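A short worksheet on the structure shown next.
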Amino acid sequence: MARSTKVVASIGGVFIALVLLAAVFAPMLAEHPPTETTGLPFEEPSANHPLGTDDLGRDLWSQLLFGARVSLSVGLIAAVIATALGTGVALVAGYRGGTIDAVLMRIVDLVLSMPFLVLVLVLVTYFGRGLSVTIALIAGVLWARPARLLRGQVLKVKEFEHVVAAEAMGASLWRILGRHVLPRLTPLLSSQFVRAAAVAVIVQSGIAFLGLGDPGSVSWGATLFFANNSSVILTDAWKWWILPPGFALTILIVGFAFVGYAAEEWADPRLTGYGYRRGMRRTLPPHPAAPAGEGESLVVRDLSVHYETEPPVLAVTSVHLRTRKSRILGIVGESGSGKSTMAMAVAGLLGPPGRIVEGEVVLGDTDLRRLGRVGLTKLRGRRFAVVPQAAMSLLDPIVTIRRQVAESALMTHADGKKRASELLSRVGIPVDRHDAYPHELSGGMRQRVVIAMAIANQPELLIADEPTTGLDVVTQRELLDLLDRLRTELDMDILIISHDLRMVGGIADDLAIMYAGRIVEMGDAAEILRSPGHPYTELLLNAFPPVLGPRRPPVPIPGDPPDLSQVESGCRFAPRCPKMVDVCEETVPEQFPVACHLVVT
Amino acid sequence: MRRVRRLALQYGLVVLAALLLNFVLPRLAAGDPIDYLMPPESSPLVTPEQREAILASYDLDGSNTEQFVTYIKNLTSGDLGVSIRTGQPVRDVVVGRLGWSVLLVGVAVAASTVVGVLLGFAAGWRRGTKRDIVLLSGVLAVDALPAFFVGLMLLLTFSVKLDWFPVYGAVAAADISGWARVTDVARRLVLPASTLVLAGAGSIFVASRSALVSELGEDYVFMARAKGLNDRAVRRHAQRNALLPVSTAVLLGFSTLVGAATVVETVFSYPGLGSLAFDSVLARDYPVLQGVFLLLALIAIGANFLNDLLYPRLDPRVKDIG
């Protein structure tokens, strides 16, 4: 939970506690009983009556304290009943499904769309004004919202593996619901509970304010009813007659609302996460970076990226890298090796908590790190383009693909729509699909659209992060061929990231092998595939046997990647390396061309 | 089209359920129906013959099924019964108040949606910053103020102390007309509508903020940055998507506002349906109460129906699911 939410939650907790204290200690703090005439009507505040008296000479201070009891108990009891009822309906509807579900949900919709207060008002008229009747009626109206939201959650939880497994093993319905489903509902349940409590307090005070509350009990709403009836706002008495109960109600409802918001964030983790993107500070190297050399385009020097979590993760360490004009550089490594982090850092797309702690990034003669956020945004999509990971969901679901491509094309072309169509055709999308929405296209098609956006402004460099992950082998091949073709046609260089050494090796001119945040080997692709220099590269090649040629079973690399929150004290691959010698554990090997003590350069 | 027909069928059933509810509820109430149909002081004096006659005149003499059939028949011909208090047809009484309610609640819904969405998006875009926390806690706090308390405070400040707005009613007198009438109505609308906005904008704010924060974590937003769009364009993508859940929140907020209007209309003596319901409760004018209840239910159901009907225009994915 975000720190700000904790602050909000604790303020809410303090407010509720205040009301609770007033409710508990009311008899001790108030000298007079709240419902009896103990003074003259309309008395001003005095030592005897700290807040004066009402039109019947009843002590307002006492009413304020005792009113806490009514509001608090109405809120809590109604919320308990409403959430219990809602949970029951949700479990039955969500778990049983079918007709029962359909009928129950229509009822829920009906109750939900009725104006709460009016409904309760009508019901109070028909069923009487007693406090317990009011509570029951409020609960009878409030259960619908938790029922609807919890049902959605039940539907989700029902499909969880362990629930399905428990079902398959013949666990009883009650056991499944109680042991497996209910615990998963707890966050949502608690946020709905607090919300129901707040609404219950509002509705009860509203009814009491209209003079339809329980005639026998003291409540803040009732105090305000008498104040309103006596036209108190026309006199000075509003200061002690209206403000205190008004603010007391506010404090309690704010308390519930704050705690409820925190609970809601707990129920929906998407609401937490890291804050606004401008959060991370920038540290720049002391001198401007030297431009890229002859025949080079992107040059990365000594780049280190950390995730500033607790403890910090050293995701990328001292990486040197360069792409050459019109050539494809493949970066290969296991997941978690830092290759995506490195690429996103280069493109200026690293969100918090990731931070570049050191290094230079140069595109041609432009020092990218010195450009700042806005400057880099202006270059991105124009001089260099990025195809991010997770292609399936990269497109805006409610905008046609042509408009999304046009949005990119408009940066350098006047007629964005026309250019977008050209681009879409160029990447192989048939003309009749140009106005489709993303959900109407296959995964491969969607990835083509993303590529069309990337090449819209003829960038010098394309950074493609796992562009084929999650697609079938044939589509993967087609997409790689497309990238290869575009590279030649548009004369751009490509930096392609993958975990599949053989596949990338097929189109890359150069390869860089990454392990645990470092590049362990870099060089000509064909050369590396033929005779790998680093022991890790060799093992990686065995893990992906060639598609053509004699069949060999893949050999997995034993052991696990190291913990990147530890500072390295030697070669990071040493613990898994079959050729390890003493020096490997003592000294960190230099990067180029092969970061291995055993390879003599 | 199939979707529309299915929705119409579903909502037809809901309307039927609402009618049934409206029919059953008064009959669940304890006591002799005659007590509900007469001023309390005269009901003990009724003779059995008079009783029969009165019940017959309110169509309360047959079996429950017969009564229900008559009830539906009368409804279809627009007959909602007669007000006990004034003797006017309930339909006329209710329709006469409807306009003011539509004006008040309509203005409040529109204004609270605009305010809530704008502030919610502003806070969500800057999630986690000081501005966000101040906005969030501020709005939650204002939202927690009970509507009648806000109304009283506004009345106190702007009408009693500052004398900027009239205290009472929706229009000064029936005989003013033209531009003077428009400005008078507008002036009298400001405070009750503001009260409702303060009461209703909060939930829309929270929904907008949450929706935008969730959307900002989606891959397509990252893609928007990756393709080099500036903050404004990135934000536009996320906001359009965030509006989808917000439209549901506006709808739920609508029914809350109709409820809050009851209280607010009472505070400001505004002649809408809410204060009519309240007056009918006090006067035990049950036919009117039933009429108001039915009308509000139908409006709420209609709003839901409209939302379901228009949702596919906002979200192209819905069309296919149908």
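Residue numbering restarts at 1 for every chain, and letters A, B, ... go by the order of the sequence lines. From a predicted model like this one, the values you see are computed outputs, not experimental measurements. What you see below is based on every heavy atom in this structure, not just the backbone, and it leaves out hydrogens, waters and symmetry mates.
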Any side-chain heavy-atom pair of [X] and [Y] under 4.5 Å:
X	Y	value
A/Val7	B/Ile133	no
B/Phe149	A/Leu249	no
A/Gln404	B/Met223	no

Chain B: which of [options] shares the most heavy-atom pairs with it under 4.5 Å?
options	value
A/Ile253, A/Leu210, A/Val201	A/Leu210
A/Gly246, A/Gly381, A/Pro459, A/Pro245	A/Gly246
A/Gly221, A/Ser205, A/Ala198, A/Gly255	A/Ser205
A/Gly12, A/Pro397, A/Ala456, A/Gly206	A/Pro397
A/Leu243, A/Ile107, A/Thr400	A/Leu243
A/Thr377, A/Leu252, A/Ile398, A/Val254	A/Ile398

Can you tell me which portion of [X] sits under 4.5 Å from chain A's heavy atoms? Options are side chain, backbone, both or neither.
X	result
B/Val206	side chain
B/Leu229	both
B/Thr266	side chain
B/Leu152	both
B/Arg236	side chain

**Asked** Rounded to the nearest 0.5 Å, how far does CG of B/Leu155 lie from CD1 of A/Ile242?
**Response** 9.0 Å
**Request:** Sort out for me which of B/Ser137, B/Gly217, B/Ala277, B/Ala260 touches chain A most, counting heavy-atom pairs under 4.5 Å.
**Result:** B/Ser137
**Request:** Quick one: closest heavy-atom pair of A/Ala257 and B/Leu140, and the distance?
**Result:** O-CD1, 4.3 Å
**Message:** Looking at every heavy atom in both A/Tyr261 and B/Leu136, which two are closest together, and how far apart are they?
**Reply:**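 Scanning both residues, the minimum pair turns out to be CE2-CD2, 3.7 Å.
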**Prompt:** Hey, what's the ring geometry for A/Phe209 with B/Phe148, parallel, tilted or perpendicular (30° and 60° as the breaks)?
**Reply:**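 A/Phe209 vs B/Phe148 ring planes: parallel.
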**Request:** Considering only NZ, NE, NH1 and NH2 on the basic side and carboxylate oxygens on the acidic side, decide whether B/Asp231 and A/Arg373 come within less than 4.0 Å.
**Result:** yes
